[in-house]
Amino acid sequence: MEDVLTVRRWRRYGADRLFVTQETGRRVGSVDLQSGEVVADDPFLENGVRRAVQAYLRADVTELALPVATPGIGALDAADDAALQAWLGGDDWDTIDLAGIRAERGSSVRTRLERLVDEGWQVIHDVPLGRQGTLVEHLLFGPGGAFTVAERRHPGQKVVVEGRSIEVDGRSMAYLRDAKLEAGRVRGLLLAAGCADIFVRGVVVVHGELEVRSSPVECETVVMSRQDVQGAFRRMPERLDMHRVAAIAHVARQRATWSR
């Protein structure tokens with residue numbers, strides 16, 4: 001049995017995804033082009049989703065309709081599957097060297113933050129501060145408050161947080177200090193732009209073996225593992241209502257806010 005799968009690209013708010021639908025408009029699955037995550041609404045159609053996405057990427061078009069056999073499509077041949085995995089990444093994403101690919105697609109932290117958007121959060125990426133070329137990796141505004149978010153990559157290394165200090169394999173790092181300073185600078189610029197009574201906390205997201213022996217002072221910096229990004233923000237007590245979140249995010253998206 002054949003079905004026609006249509007692939008369309010969706011790029012908004014820093015996200016970059018491919019959505020695969022049937023002729024009826026029913027969604028079959030999607031692929032996140034930044035993280036490489038493949039989601040199939042029906043497990044029987046996963047190979048069809050992968051084949052359709054591969055054809056789309058090869059064709060370099062805005063939309064592609066592709067007839068495929070469903071269900072029980074059959075696996076991709078070895079060469080095609082290897083090519084697709086090289087482009088999208090696989091289950092061993094965190095254990096192999098994909099630095100070049102990540103540089104092109106963006107951080108997986110970016111993807112995890114984007115998933116909070118449907119839950120009332122607003123996220124802005126690569127925010128330039130002043131004219132010195134400094135970039136804030138991510139700004140996040142939501143029910144839990146306002147945050148700067150920076151990722152620190154130490155795969156396979158031991159990262160220990162104890163109070164106001166953080167060590168990587170026994171070496172002291174200035175990550176907490178830097179996050180506090182960055183959050184303070186962002187807060188100052190938001191206040192100057194009219195966001196009264198705004199408080200901004202720094203967040204350090206660790207890609208490594210994280211051990212928190214004692215948390216930093218609560219009002220200063222938050223440290224979390226990359227795997228816990230969504231859960232950590234969801235667990236935070238509510239500090240801002242949706243109207244306040246939208247207002248602050250609107251100010252934060254204005255280039256003039258950061259050029260002072």
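The structure presented is a predicted model; accordingly, all values stated were derived computationally and were not measured.
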Quiz item: Would Val109 and Val149 count as a side-chain contact (heavy atoms from CB on, under 4.5 Å) if you check the C-alpha gap in whole Å, the side-chain angles of each, and the deciding distance to 0.1 Å?
Solution: CA-CA 9 Å; Val109 170; Val149 182; 4.3 Å; yes
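- A centroid separation of less than 6.0 Å is found between the aromatic rings of Phe147 and Phe233.
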Exercise. Dump the intermediate steps for side-chain contact (heavy atoms from CB on, under 4.5 Å) on Val251 and Cys195, then the final yes or no.
Key: CA-CA 8 Å; Val251 173; Cys195 296; 3.8 Å; yes
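- Under the 4.5 Å side-chain heavy-atom criterion for grouping Ile, Leu, Val, Met, Phe, Trp and Tyr, Val186 is not connected to Leu181 through any hydrophobic cluster.
- Under the 4.5 Å side-chain criterion, counting only non-hydrogen atoms from C-beta, Thr21 is in contact with Arg8.
- To the nearest 0.5 Å, atoms CG (Leu190) and CG (Leu139) are separated by 7.5 Å.
- A salt bridge is defined here as a Lys NZ or Arg NE, NH1 or NH2 lying under 4.0 Å from an Asp or Glu carboxylate O, and Asp197 with Arg187 fails to meet this definition.
- Remark: Arg152 is positioned above the aromatic ring of Tyr175, its terminal NZ or CZ atom under 6.0 angstrom from the ring centre and at most 45 degrees off the axis.
- The CD atom of Glu137 lies 10.0 Å from the CG atom of Leu113; values are rounded to the nearest 0.5 Å.
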Practice problem: Carefully, step by step, assess His207 and Val205 under the rule side-chain contact (heavy atoms from CB on, under 4.5 Å). | Solution: CA-CA 7 Å; His207 179 194; Val205 178; over 6 Å; no
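- No donor-acceptor distance shorter than 3.5 angstrom exists from the side chain of Arg17 to the backbone of Val31, with no hydrogens or angles considered.
- A salt bridge links Arg213 with Glu211: the distance from a Lys NZ or Arg NE/NH1/NH2 to an Asp or Glu carboxylate oxygen falls below 4.0 Å.
- Of all heavy-atom pairs between Ala146 and Phe199, the closest is CB-O, 3.6 Å.
- Side-chain contact annotation: Thr221 with Arg201, donor-acceptor N/O pair under 3.5 Å absent.
- Contact between Glu238 and Asp241 at its shortest, heavy atoms only, is OE2-CA, 4.2 Å.
- Taking every heavy atom of both residues into account, Trp258 and Ala252 meet most closely at NE1-O, 2.7 Å.
- Side-chain heavy atoms closer than 4.5 Å link hydrophobic residues (I, L, V, M, F, W, Y) into clusters, and following such links, even through other members, never connects Val160 to Val168.
- The structure places CD1 of Ile124 at 10.5 Å from CD1 of Ile248, a figure rounded to the nearest 0.5 Å.
- Atom-to-atom distance recorded for Lys158:NZ and Glu209:CD is 4.5 Å, nearest 0.5 angstrom.
- In terms of hydrophobic clustering, with Ile, Leu, Val, Met, Phe, Trp and Tyr side chains grouped at heavy-atom distances under 4.5 Å, Met242 and Trp121 are assigned to different clusters.
- Side-chain N or O atoms of Asp169 include none that pairs as donor or acceptor with a backbone N or O of Gln157 at under 3.5 Å.
- Closest of all the heavy-atom pairs between Ala183 and Gly202 is CB-N, 3.6 Å.
- Using cut-offs of 30° and 60° on the angle between ring planes, the pair His125 and His138 is perpendicular.
- In this structure, the side chains of Val123 and Glu114 come closer than 4.5 Å at one or more pairs of heavy atoms.
- For the atom pair CZ (Arg226) and OG1 (Thr111), the distance works out to 9.5 Å, reported to the nearest 0.5 Å.
- Val206 places a side-chain heavy atom less than 4.5 Å from the side chain of Val223.
- Under the 4.5 Å side-chain criterion, counting only non-hydrogen atoms from C-beta, Val127 is not in contact with Leu135.
- Residues Glu182 and Val136 meet the side-chain proximity criterion, which asks for heavy atoms closer than 4.5 Å.
- Residues Pro143 and Val245 come closest through the heavy atom pair N-CG2, 4.2 Å.
- The distance from atom CD1 of Ile166 to atom CG of Leu176, rounded to the nearest 0.5 Å, is 5.0 Å.
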Practice problem: Go through Val159 and Glu167 one step at a time and tell me if the side-chain contact (heavy atoms from CB on, under 4.5 Å) criterion holds. | Solution: CA-CA 6 Å; Val159 182; Glu167 294 183 350; over 6 Å; no
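- Within 6.0 Å of atom CE in Met236, more than 12 heavy atoms from other residues, nucleotides or ligands are found, so the atom counts as buried in its surroundings.
- For the residue pair Arg112 and Gln227, no side-chain donor N or O sits within less than 3.5 Å of a side-chain acceptor on the partner.
- Taking both residues in full, the closest heavy atoms of Glu119 and Arg115 are given as OE2-O, 3.9 Å, listed atom of the first, atom of the second, then distance.
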